[in-house]
K.L.:
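Sharing a structure below in structure tokens format, with a few things to ask.
Proteins get letters first, then strands, A, B, ... in listed order; numbering begins at 1 in each. Side chains are part of it too, since the values below use all heavy atoms of this structure and drop only hydrogens, waters and symmetry mates. Here the structure is a predicted model, which means the values were calculated and not measured.
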Protein chains: 2
Amino acid sequence: MSVPLYQAKAEMFRTLGHPVRIRVLELLQDGPRPVRDLLAEIDVEASNLSQQLAVLRRAGVVASFREGALVMYALGTPDVADLLAAGRRILGAVLTDRDGLLVELRAQE
Amino acid sequence: MSVPLYQAKAEMFRTLGHPVRIRVLELLQDGPRPVRDLLAEIDVEASNLSQQLAVLRRAGVVASFREGALVMYALGTPDVADLLAAGRRILGAVLTDRDGLLVELRAQE
DNA sequence: TCTTCAGTTGCGAAAATCCGCAACTCGCTC
DNA sequence: GAGCGAGTTGCGGATTTTCGCAACTGAAGA
């Protein structure tokens with residue numbers, strides 16, 4: 001058995017386990033966006049964002065392509081949105097109320 | 001904003017981002033189990049398993065309780081199963097066929 | 001009580017992540 | 001073709017994870 005299945009799953013989840021990467025995915029839910037935009041909304045160094053995008057790209061979670069002078073990013077598959085939604089649901093179930101995050105969560109759903 | 005929401009989400013995903021922890025959760029999908037059983041099926045040192053269980057416990061993903069001489073573990077919420085299922089789906093979408101994992105995946109669904 | 005079995009915790013070393021700085025590549029425009 | 005704006009890559013250093021060993025706690029039996 002090459003690369004056990006449960007290890008592949010673990011890598012998939014670990015790929016999402018970073019604040020910047022989560023934000024990127026949430027932004028991409030609304031459709032493709034140029035790095036430019038992501039950078040404007042996320043407040044992180046350009047090189048840092050680029051590295052996080054590379055992680056997502058290597059995992060196949062997002063895809064990138066050029067459009068004129070800009071580089072665009074998009075979700076690799078719409079299923080990603082489902083995963084994020086499932087994550088939100090668990091968070092709701094898990095933090096009964098650790099310091100008010102619940103409110104924010106509800107507002108976003 | 002205390003602990004931004006996207007950071008909480010990232011931590012949630014990172015919690016699942018470990019082969020042993022994934023296996024534990026998959027085993028717990030079928031109902032509560034004693035550490036004893038998990039240890040028998042996972043092939044990892046007892047202390048290591050205990051540490052991974054602690055990670056899941058701290059995140060609220062699983063809960064533990066004693067039953068006689070044994071310590072039992074169970075999913076903190078059934079929603080966890082949904083998350084795992086969503087992960088499986090993405091994996092299917094993402095690895096078009098990186099070395100045959102797809103077959104295993106299909107068999108398990 | 002003294003053991004023993006079931007798990008957990010502490011600790012330290014090895015490995016992996018994270019992140020800023022600097023250098024580089026690639027289109028585009030002048 | 002020189003310069004520029006948009007991103008990426010390389011490189012360390014700091015931080016975080018991971019994991020085995022050894023010591024410890026707690027319940028149940030002898």
Side-chain angles (χ1 to χ4, degrees), chain A residues 3-4 6-25 27-28 31-76, chain B residues 3-4 6-25 27-28 31-76:
Chain A
V3 185
Y6 52 83
Q7 187 175 324
K9 288 182 195 167
E11 279 167 20
M12 167 61 55
F13 283 117
R14 180 181 307 169
T15 297
L16 306 195
H18 186 288
V20 170
R21 297 198 290 264
I22 287 285
R23 296 206 69 189
V24 167
L25 293 178
L27 290 170
L28 292 185
R33 277 172 175 269
V35 176
R36 209 81 222 298
D37 277 23
L38 302 176
L39 196 51
E41 302 213 43
I42 298 187
D43 182 46
V44 71
E45 262 215 13
S47 74
N48 192 341
L49 176 59
S50 223
Q51 285 170 344
Q52 307 308 337
L53 287 173
V55 172
L56 292 171
R57 231 187 308 121
R58 277 195 295 275
V61 176
V62 304
S64 70
F65 54 95
R66 282 202 95 101
E67 200 160 299
L70 308 185
V71 175
M72 308 286 293
Y73 275 84
L75 294 187
Chain B
V3 184
Y6 50 83
Q7 186 175 326
K9 287 182 195 168
E11 278 166 21
M12 167 61 54
F13 283 118
R14 179 182 303 163
T15 297
L16 306 193
H18 186 288
V20 169
R21 298 198 289 263
I22 286 286
R23 297 207 68 190
V24 167
L25 293 178
L27 290 170
L28 293 185
R33 277 171 175 270
V35 175
R36 209 84 220 298
D37 277 23
L38 302 176
L39 197 51
E41 303 212 44
I42 297 187
D43 182 45
V44 72
E45 263 215 11
S47 74
N48 192 343
L49 176 59
S50 224
Q51 286 169 344
Q52 307 309 336
L53 287 173
V55 172
L56 292 171
R57 231 186 309 120
R58 277 195 295 276
V61 176
V62 304
S64 70
F65 54 96
R66 281 201 99 100
E67 201 160 298
L70 308 185
V71 175
M72 307 286 293
Y73 275 84
L75 294 188

K.L.:
Between A:S64 and A:R14, which has a closest nucleotide on DNA chain D that is more 5'?
P.N.:
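Looking at the nearest nucleotide for each, A:S64 comes out on the 5' side.
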K.L.:
To the nearest angstrom, how far is A:E11 atom CD from D:dT17 atom P?
P.N.:
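Distance, rounded to whole Å: 17 Å.
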K.L.:
Name the pairs: protein N/O against N/O of nucleotides 24-30 of chain D, kept only if under 3.5 Å.
P.N.:
none

K.L.:
What's the CD1-P distance between A:I22 and C:dC18, to the nearest Å?
P.N.:
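Those two atoms, CD1 and P, are 12 Å apart.
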K.L.:
What's the spacing between B:E41 CD and B:R36 CZ if we round to 0.5 Å?
P.N.:
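Separation between the atoms: 12.5 Å.
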K.L.:
Grab the CZ-C1' distance between A:R58 and D:dT8 for me, whole Å please.
P.N.:
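From A:R58 CZ to D:dT8 C1': 12 Å.
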K.L.:
Output one line per pair: protein atom, nucleotide atom from nucleotides 19-23 of chain D, and distance, for all N/O pairs under 3.5 Å.
P.N.:
residue, atom, partner, partner atom, Å
D:dC19, OP2, B:H18, NE2, 2.9
D:dG20, OP2, B:N48, ND2, 3.4
D:dG20, O6, B:Q51, NE2, 3.1
D:dC21, OP2, B:E45, OE2, 2.9
D:dC21, N4, B:S47, OG, 2.9

K.L.:
Taking OP1 and OP2 of C:dC18, is either one under 4.0 Å from a side-chain nitrogen or oxygen of A:R21?
P.N.:
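For C:dC18, OP1/OP2 do have a side-chain N/O of A:R21 under 4.0 Å.
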K.L.:
Roughly, in whole Å, what's the span from CG in A:L39 to C1' in D:dA6?
P.N.:
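To the nearest whole Å, that distance equals 10 Å.
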K.L.:
Can you tell if the side chain of B:Y73 reaches within under 4.5 Å of the side chain of B:L53, non-hydrogen atoms only?
P.N.:
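Side chain of B:Y73 against side chain of B:L53, heavy atoms only: contact under 4.5 Å found.
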K.L.:
Could you walk me through whether A:L75 and A:L25 pass the side-chain contact (heavy atoms from CB on, under 4.5 Å) test, one step at a time?
P.N.:
CA-CA 7 Å; A:L75 294 187; A:L25 293 178; 3.8 Å; yes
K.L.:
Output the distance between atom CD1 (B:I42) and atom CG (B:L49), rounded to the nearest 0.5 Å.
P.N.:
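So the CD1 of B:I42 and the CG of B:L49 are separated by 5.5 Å.
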K.L.:
Counting only heavy atoms not in B:R33, do more than 12 sit closer than 6.0 Å to its CZ atom?
P.N.:
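It does: B:R33 CZ has more than 12 such atoms within range.
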K.L.:
Could you tell me how far apart A:R36 (CZ) and D:dT8 (P) are, to the nearest whole angstrom?
P.N.:
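Roughly 13 Å, once rounded to whole Å.
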K.L.:
Please examine the side chains of A:L27 and A:D37, heavy atoms only from C-beta on, and report whether any two atoms are closer than 4.5 Å.
P.N.:
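No. Closest side-chain heavy atoms not under 4.5 Å.
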K.L.:
Indicate yes or no: at least one non-hydrogen side-chain atom of A:V55 is less than 4.5 angstrom from one of A:R58.
P.N.:
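Yes - at least one pair of side-chain heavy atoms lies under 4.5 Å apart.
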K.L.:
Rounded to the nearest angstrom, tell me the gap between atom CG in B:L53 and atom P in C:dA6.
P.N.:
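My rounded result for the distance is 16 Å.
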K.L.:
Looking at D:dT8, I'd like to know if its phosphate oxygens (OP1 or OP2) sit under 4.0 Å from a side-chain N or O belonging to A:Y73.
P.N.:
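For D:dT8, OP1 or OP2 has a side-chain N or O of A:Y73 closer than 4.0 Å.
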K.L.:
Determine whether A:L16 and B:L16 make a side-chain contact, defined as any pair of heavy atoms from C-beta on separated by less than 4.5 Å.
P.N.:
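Not in contact.
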K.L.:
So which pairs with a foot in residues 14-23 of chain A pass side chain to side chain donor-acceptor pair (under 3.5 Å), sequence neighbours left out?
P.N.:
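Non-adjacent pairs meeting side chain to side chain donor-acceptor pair (under 3.5 Å): A:R21-A:Q52.
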K.L.:
Send over the distance from B:R33 CZ to C:dG7 C1', rounded to a whole Å.
P.N.:
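Taking atom C1' of C:dG7 as the reference, CZ of B:R33 is at 18 Å.
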K.L.:
Starting from P on D:dT8, measure out to CG on A:L70 and report it in whole angstrom.
P.N.:
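Nearest whole value for this atom pair: 11 Å.
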